[in-house]
Student: 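There's a structure below that I have some questions on.
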Amino acid sequence: MRISIFFLFFCAFSLMAKNSHSQNARVTINRTNVQLESILNEIESQTDYLFIYKEDVNVEARKSIRADNAKVSEVLNTLLANSPIRYKMEGNHIILTRQAVADVRQAGVTGVVTDESGEPLIGVTVLVKGGSQGSVTDLEGKFTLVANVGDVLQFSYIGYVSQEVKLKDLKLLRVVLREDANLLDEVVVIGYGSMKKKDLTGAITHVQAEKMAKEKPATMQDLLRSAAPGLNVDLSNDAKGGGNMLVRGRRSLKGGTGPLIVLNGMIFQGDLSEINPVDIESVDVLKDASSAAVYGAKSANGVVLVTTKKGTEEKPTIRFDASVGFVTMGANREVYSADEYLQYRADYAASSNGFGNQGYYVKPTAENLNKYNLTEAQWRNYDAIGQGSMNMEDIWLQRIGLGEIERENYYAGRTYDWYDASFQTGLRQDYNVSLSGKTSNLNYYWSLGYLDSEGLVVGDRFKNYRTNLRLDGKIGNFMEAGVNLNLQSREEGFQTVSWEGQIANSPYSTPYYSDGTLNPWPMGEKNQVTGVNSLYNNSMSSKDAGTQNVTANFYAKLKLPFNISYQFNFAPRYSWNHSRYWNSSQSVFDKDNGVAGRSTARSVDWTLDNMVKWNYTFAKKHNIDLTLLQSAEKYEVWEESMVASDFTPSDVLEWHNMKTAGNKEISANDTKHTGAALMARLFYSYDNRYMLTASVRRDGFSAFGASNPWATFPAIAVAWSFTNEKFFKWAPMSSGKLRLSWGKNGNRDIGIYQALSQLHGGTAGKYTYVTPQGSLYEVSSLQIERMSNTDLKWETTTSWNVGLDFGFLNDRINGSIEWYHMPTTDLLVDRSLPGFTGYTDIVTNLGQVNNEGFEFSLNTVNIRNKNFTWSSTFGLSHNKNTIKHLYYRYEDVLNEAGEVVGSKEVDDVNRGWFVGKDISAIWDHEFIGIWQEDEAEEAAKYGQQPGDAKVRDVNGDYKITQEDKVFLGQETPKFRWSFRNEFTLFRNWDISLNLYSQMGHKQSTTEARILDS
């Protein structure tokens, strides 16, 4: 923690001017074993001071100094300790003189400085109070200082509480410094800026990526999956990985639900696979309206701010990371063995025939025939199959539905494991190399990454090539400029097997004929169920798909008088992607004499920000931070595609020779949208006790109706650091802050032409025209496919958030508690229209969805000593999602006598939306078992028989209809929790254990029905 915070402050301050005309001038210097003259020249370059000295002053002596925004006087005290050189400041001059040896006190003291865990502290400043003597601890935390008994030594170190020790003797002195929680406050990235965590007024979770990087995450989602309460990251099992992210529940029925991604201060429109997790320095999740409102119409679903790494060392640093891992099945699905499959087929055949003649479907062993009191002749003569074959076992195999190929393999003892052929142990290789460093005027970071990942399904593969360049420079003392370039090329055109179809194949079916050629019908061409053979299907097709992206961010920052700054940001992005496929005419399933298709898309988008900031502190207690923003954006995409079939003379050239196809269909789709925004935010703090943040953003977007292209999103938040009050005396509690926020956010993610009428052509847009001469022509036309809505406006989420941040034992135990209530109104939905309008529906603003819940996070340092450290992080979140209103249509509620006793809002049963329920509510028939043989009479009342699925008859009318459906649960988890433990052994060995869980949800599936059919 302390090292990362030190470097963060170092990077920030190294780009700032240090000129001053008083002895309070500050400098930042980091020099090791250099001549004193070099350090003096550095001080002169950062200030207006000029050093004056005679030849007897030894400026060639070797010195080391490490100072971060320190006063010049403090630097000189440290630099000239234990030397005969003395200094005196007169105006802009510093006079150095050599003290006579006889005047130097000969007494001295040695000592060791460590932290609370016994770790030596390097670079601690040790001074004699009231004197000019001083020293700095070495690599082992040791120091030597000229002092006498009775002197008071002052120990100071960034991130630790300063300490004074009075010398009682000159024996070895041992000093332990305690971490200063106030100085170690994390710097958290907020919208269009950053601030210390202690100054936050909103609900923001800060994730330091370095902690998660030890687990070698392949994607940014892997890094965040259990890191922030309130942020849910789905798990993706394909080779690409990743997963959808959701902040504090689903807010929209039709619009997008994913959070806004901001990369290094600019909105990011790309795929998250473009961001290499190795390059990430930190991630900040803005969860409430007050913290996210500065992004206005894009922030209703939360905001995730990603900050990438910068150079941290003065010397160039080359780092290489290699990670090789395996992807295995967490839990295997149970599938039938060969014998179990035969039993399944026998049971299924008996069930299909009502179990009335069950004995005729069992294997005709003597034991089974006796069990059902059947003779061999009776069993054989049950049907025509038995009368046409002499082999009793073959009769049985045919009777239970096995085809010719299955029976042949049965007799030969050949089986095939289709499950094993569908899944694999995937190999994941991730290689990254980076070059980073900094000089007094330039900070640089460049990385190259290659990821080759295989998924669980055979054939599933993903390749990703990434490079990231970040340069930040200082131009004089008044200007900073930088660029961040991110390039990616990914390959996704790999063919996978159809595992769903293959695992349903009979184990007595095989993918090859006896001559070794692939069998397109593994269960038999003439069999009722022919089976699926992906090896054959993939051999008769090919696929290619890929994407290339360039994302850039250019900025320039100008320092103006009165601590005002102006910053210009320009973030262009270019993307190219292609997709191609071919299905061979040689396939036995081909009906079109070959089919091929190819499509390309190119997109260009840019965002431009002009920002003015003013930070001022007056009367030492009042701090003001003002941010003003003007933003503009544009997005365009051009898409073309072609599908062709009936190739002549051959389709052997696949998609490379589309002109030889007899049938061609060409389509294109071009879209564009623009946006603009104005934003103002004011932060005020009084004496580090009372804080206020107020913001307002005005957004315009071309996708909304002509009557509502603009919207305003205000927010306000207050906080009280009650532990900074003089009356607060409870020593165990080191920090405590109460927060309250309110604000509004918008959601514009609805598709950019939903408010407009849409023209549509194609075959439906043709009609017959007869000329005066009687000739017939088919004329194309354009038709209006959708009704416009000029009043369409933004979905709006209003958020209330109450939070408590706490810390105990110098923040060794710390955490937060959050409660929120977030109603979303003016939902974008498709409203049904009467048939006479000519349209089925129209996109409009109706309905309301509420999200409320709580979040709890706890961080503890359980053990911390010289050779062992153990820290834990626990997170718990609960979200309740409720549809409050839909279309505001009501129906009467009747009692048993048919009398109207009230009214209720009508549900949208077709879409599965129910007022008062979660958006993901599961409303279906309740499965309660299987009809048994002794329940045949009761099953017959429902038109069913033993072996069929038994469903609860809610109203008892012996009919299974929609009236018998009930709410079975919801697909969204009610609770999510995570528990992370980190261990450091002997300073160099890191071990982490991470557990996370989702609870209170179910999954709705019809897979069993599909397989049985």
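Numbers here simply count residues along the sequence, with the first being 1.
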Student: Is it the case that the side chains of Thr257 and Asn301 hold a donor-acceptor pair, with the cut-off being a distance below 3.5 Å and no angle test?
Tutor: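 Distance-only check fails for Asn301 and Thr257.
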
Student: Taking the six-membered ring of Tyr820 (Phe, Tyr or Trp), confirm whether the NZ or CZ of Lys287 is under 6.0 Å from its centre and within 45° of its axis.
Tutor: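 Geometry flag: not set, cation outside 6.0 Å or 45°.
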
Student: Any chance the side chains of Asp279 and Thr308 put a donor and an acceptor closer than 3.5 Å?
Tutor: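 Judged by distance alone, the side chains do not pair up.
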
Student: Go through the side-chain N and O atoms of Thr723 and Ser735 and say whether any donor and acceptor fall under 3.5 Å apart.
Tutor: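 Judged by distance alone, the side chains do not pair up.
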
Student: Determine, stepwise, if the pair Arg689 / Glu725 fulfils salt bridge (Lys or Arg N to Asp or Glu O under 4.0 Å).
Tutor: CA-CA 7 Å; Arg689 289 183 288 163; Glu725 298 286 357; 2.8 Å; yes

Student: Between Phe914 and Ile883, is any pair of side-chain heavy atoms under 4.5 Å apart?
Tutor: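 Of all side-chain heavy-atom pairs linking Ile883 with Phe914, none is under 4.5 Å.
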
Student: For the backbone of Val278 and the side chain of Lys309, can you confirm whether one donor and one acceptor N or O come within less than 3.5 Å of each other?
Tutor: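 The answer is yes, because a donor-acceptor pair under 3.5 Å joins these two groups.
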
Student: When you compare the side chain of Leu886 with that of Leu846, does any pair of heavy atoms fall below 4.5 Å?
Tutor: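 No. Closest side-chain heavy atoms not under 4.5 Å.
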
Student: Pairing donors with acceptors under 3.5 angstrom, does anything connect the side chains of Thr984 and Thr869?
Tutor: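 No, Thr869 and Thr984 have no side-chain donor paired with an acceptor closer than 3.5 Å.
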
Student: Under the criterion salt bridge (Lys or Arg N to Asp or Glu O under 4.0 Å), I'd like the reasoning laid out for Glu818 against Arg739: C-alpha separation, chi angles, the key distance, then a yes or no.
Tutor: CA-CA 9 Å; Glu818 308 277 352; Arg739 294 178 281 105; 2.4 Å; yes

Student: Starting at CE of Met245, measure out to CG of Leu260 and round the result to the nearest 0.5 Å.
Tutor: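 So the gap between those two atoms works out to 10.0 Å.
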
Student: Minimum heavy-atom separation for Arg980 and Ser992, please, with both atom names.
Tutor: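 Between these two residues, the closest heavy atoms are NH2-CB, 4.0 Å.
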
Student: If only side-chain N and O atoms count, and only distance matters, is there a donor-acceptor pair under 3.5 Å linking Asn850 with Gln848?
Tutor: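 Their side chains do contain a donor-acceptor pair, which is all the 3.5 Å distance test asks for.
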
Student: To the nearest 0.5 Å, tell me how far Asn432 CG sits from Ser447 OG.
Tutor: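 Taking CG in Asn432 and OG in Ser447, the distance rounds to 7.0 Å.
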
Student: For the residue pair Asp625 / Asn623, report whether a side-chain donor-acceptor contact shorter than 3.5 Å exists.
Tutor: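 Their side chains do not contain a donor-acceptor pair, so the 3.5 Å distance test is not met.
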
Student: Would the number of heavy atoms belonging to other residues, nucleotides or ligands and lying under 6.0 Å from NZ of Lys737 be above 12?
Tutor: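 Yes, enclosed.
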
Student: Do Thr798 and Trp742 come close enough that some side-chain heavy atom pair is under 4.5 Å?
Tutor: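 Yes, their side chains come closer than 4.5 Å.
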
Student: Indicate, with yes or no, if the rings of Trp730 and Phe808 have centres closer together than 6.0 Å.
Tutor: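 Aromatic pair counts; centres sit under 6.0 Å.
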
Student: When you compare the side chain of Val262 with that of Phe268, does any pair of heavy atoms fall below 4.5 Å?
Tutor: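 A side-chain contact under 4.5 Å is absent here.
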
Student: Could you check whether any side-chain N or O of Asn486 sits under 3.5 Å from a backbone N or O of Thr551, counting only pairs where one atom can act as donor and the other as acceptor?
Tutor: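 No.
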
Student: Do the side chain of His878 and the main chain of Gly853 share a donor and acceptor less than 3.5 angstrom apart?
Tutor: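 Not confirmed, His878 side chain does not pair with Gly853 backbone.
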
Student: Run through Asp321, Asp222, Asp430 and flag the one making a side chain to side chain donor-acceptor pair (under 3.5 Å) with Lys216.
Tutor: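 The side chain to side chain donor-acceptor pair (under 3.5 Å) with Lys216 is passed solely by Asp321 among Asp321, Asp222, Asp430.
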
Student: How far apart are the C-alpha atoms of Tyr684 and Tyr690, what are their side-chain angles, what is the distance that settles it, and do they pass the ring pair (Phe, Tyr, Trp, His ring centres under 6.0 Å) test?
Tutor: CA-CA 8 Å; Tyr684 169 74; Tyr690 311 108; 9.4 Å; no

Student: Ring pair (Phe, Tyr, Trp, His ring centres under 6.0 Å) between Tyr996 and Trp977: does it pass, once the steps are laid out?
Tutor: CA-CA 6 Å; Tyr996 58 91; Trp977 62 266; 8.8 Å; no

Student: Return the minimal non-hydrogen interatomic distance between Asn276 and Gly449, and the atom names on each side.
Tutor: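 Reported closest heavy-atom pair: ND2-CA, 4.1 Å.
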
Student: Verify, without hydrogens or angle tests, whether Arg251 (side chain) and Val247 (backbone) share a donor-acceptor contact under 3.5 angstrom.
Tutor: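 Yes; at least one donor-acceptor contact below 3.5 Å.
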
Student: Does the Asp115 side chain pair with the main chain of Gly118, one donor and one acceptor, at a distance under 3.5 Å?
Tutor: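 Answer holds: yes.
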
Student: If only atom types and distance count, is the side chain of Asp460 paired as donor or acceptor with the main-chain N or O of Val457 below 3.5 Å?
Tutor: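 Checked: no pair found.
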
Student: So, taking the atom named CG in Leu692 and the one named CG in Leu682, what distance separates them when rounded to the nearest 0.5 Å?
Tutor: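 So the gap between those two atoms works out to 6.5 Å.
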
Student: Determine the minimum heavy-atom distance between Asn859 and Thr873, stating which atoms define it.
Tutor: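 Heavy-atom minimum between the residues: OD1-CG2, 3.1 Å.
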
Student: Does Asn237 offer a backbone N or O that forms a donor-acceptor pair with the side chain of Lys240 under 3.5 Å?
Tutor: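 No, Lys240 side chain to Asn237 backbone: no donor-acceptor pair under 3.5 Å.
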
Student: Tell me, do Asn468 and Glu274 make a side-chain contact under 4.5 Å, heavy atoms counted?
Tutor: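 No, side chains not in contact.
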
Student: Between Thr693 and Thr201, is the side chain to side chain donor-acceptor pair (under 3.5 Å) condition met? List the steps.
Tutor: CA-CA 7 Å; Thr693 302; Thr201 56; 2.9 Å; yes

Student: Under 3.5 Å, is there a donor on one side chain and an acceptor on the other for Thr796 and Asp826?
Tutor: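 Side-chain D/A pair, Thr796 to Asp826: absent.
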
Student: Tell me, yes or no, whether the heavy-atom count around Trp819 atom CH2, taken from other residues, nucleotides or ligands under 6.0 Å, exceeds 12.
Tutor: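 Counting other residues, nucleotides and ligands, CH2 of Trp819 exceeds 12 neighbours.
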
Student: Show your working on side chain to side chain contact (heavy atoms under 4.5 Å, CB included) between Met679 and Tyr192 and close with a plain yes or no.
Tutor: CA-CA 10 Å; Met679 188 274 294; Tyr192 303 105; 3.7 Å; yes

Student: Please check if the side chain of Asp805 supplies one atom and the backbone of Gly736 the other of a donor-acceptor pair under 3.5 Å.
Tutor: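 Checked: no pair found.
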
Student: Side-chain donor-acceptor pair under 3.5 Å between Thr972 and Ser920, yes or no?
Tutor: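 On atom types as modelled, these side chains qualify, holding a pair under 3.5 Å.
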
Student: Within the distance-only criterion (no hydrogens, no angle test), does the side chain of Lys1002 pair as donor or acceptor with the backbone N or O of Leu968 below 3.5 angstrom?
Tutor: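 Present.
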
Student: For side chain to side chain contact (heavy atoms under 4.5 Å, CB included), just list the numbers for Arg812 and Glu116, CA-CA rounded to whole Å, side-chain angles, deciding distance to a tenth of an Å, and then say yes or no.
Tutor: CA-CA 12 Å; Arg812 186 163 180 170; Glu116 292 173 287; over 6 Å; no

Student: To check you understand the geometry: which heavy-atom pair defines the closest contact between Ala203 and Arg248, and what is its length?
Tutor: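 Here Ala203 and Arg248 meet closest at CB-NH2, 3.7 Å.
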
Student: Between Asp907 (side chain only) and Val909 (backbone N and O only), is there a donor and an acceptor less than 3.5 Å apart?
Tutor: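 Between the backbone of Val909 and the side chain of Asp907 there is no qualifying donor-acceptor contact (under 3.5 Å).
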
Student: Do we see a donor-acceptor contact under 3.5 Å between the side chains of Asn745 and Thr797?
Tutor: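 The answer is no; no qualifying pair exists.
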
Student: Checking Asn881 against Asn851: is there a side-chain donor and acceptor pair closer than 3.5 Å?
Tutor: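 A donor-acceptor contact under 3.5 Å links the two side chains.
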
Student: Give me the atom names and distance for the closest heavy-atom approach of Met822 to Ser799.
Tutor: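 Looking at all heavy atoms of both residues, the shortest contact is CG-OG, 3.7 Å.
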
Student: Under a 3.5 Å threshold, yes or no: a donor from one side chain and an acceptor from the other, between Asn810 and Ser734?
Tutor: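 Per modelled atom types, Asn810 and Ser734 side chains form no pair under 3.5 Å.
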
Student: Would you call Lys917 and Thr882 a side-chain contact if the rule is heavy atoms closer than 4.5 Å?
Tutor: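 No, every pair of side-chain atoms sits at 4.5 Å or beyond.
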
Student: Under a 3.5 Å cutoff, is there a donor and acceptor pairing between the side chains of Ser252 and Glu795?
Tutor: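 Their side chains do contain a donor-acceptor pair, which is all the 3.5 Å distance test asks for.
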
Student: Might you work through the side chain to side chain contact (heavy atoms under 4.5 Å, CB included) test for Gln998 and Asn232, ending with a clear yes or no?
Tutor: CA-CA 9 Å; Gln998 300 179 348; Asn232 179 51; 2.8 Å; yes

Student: Considering the options Phe806, Phe727, Phe728, which one meets the ring-ring contact (aromatic ring centres under 6.0 Å, His included) requirement together with Phe722?
Tutor: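 It is Phe728; the other options fail the test.
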
Student: Look at atom NZ of Lys880 and say whether more than 12 heavy atoms of other residues, nucleotides or ligands are closer to it than 6.0 Å.
Tutor: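 Count not over threshold, so no.
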
Student: Please examine the side chains of Glu281 and Gln208, heavy atoms only from C-beta on, and report whether any two atoms are closer than 4.5 Å.
Tutor: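 Yes, close enough: below the 4.5 Å cut-off.
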
Student: Would you say the side-chain atoms of Glu852 and His821 include a donor-acceptor pair closer than 3.5 Å?
Tutor: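 Yes, because at least one side-chain N or O of Glu852 sits under 3.5 Å from a partner of the opposite role on His821.
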
Student: Closest heavy-atom contact between Gln221 and Gly243?
Tutor: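 Smallest heavy-atom distance, with atoms named: NE2-O, 3.2 Å.
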
Student: Could you check if a side-chain atom of Asp284 sits within less than 4.5 angstrom of a side-chain atom of Val207, using non-hydrogen atoms only?
Tutor: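 SC-SC contact between Asp284 and Val207 ruled out.
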
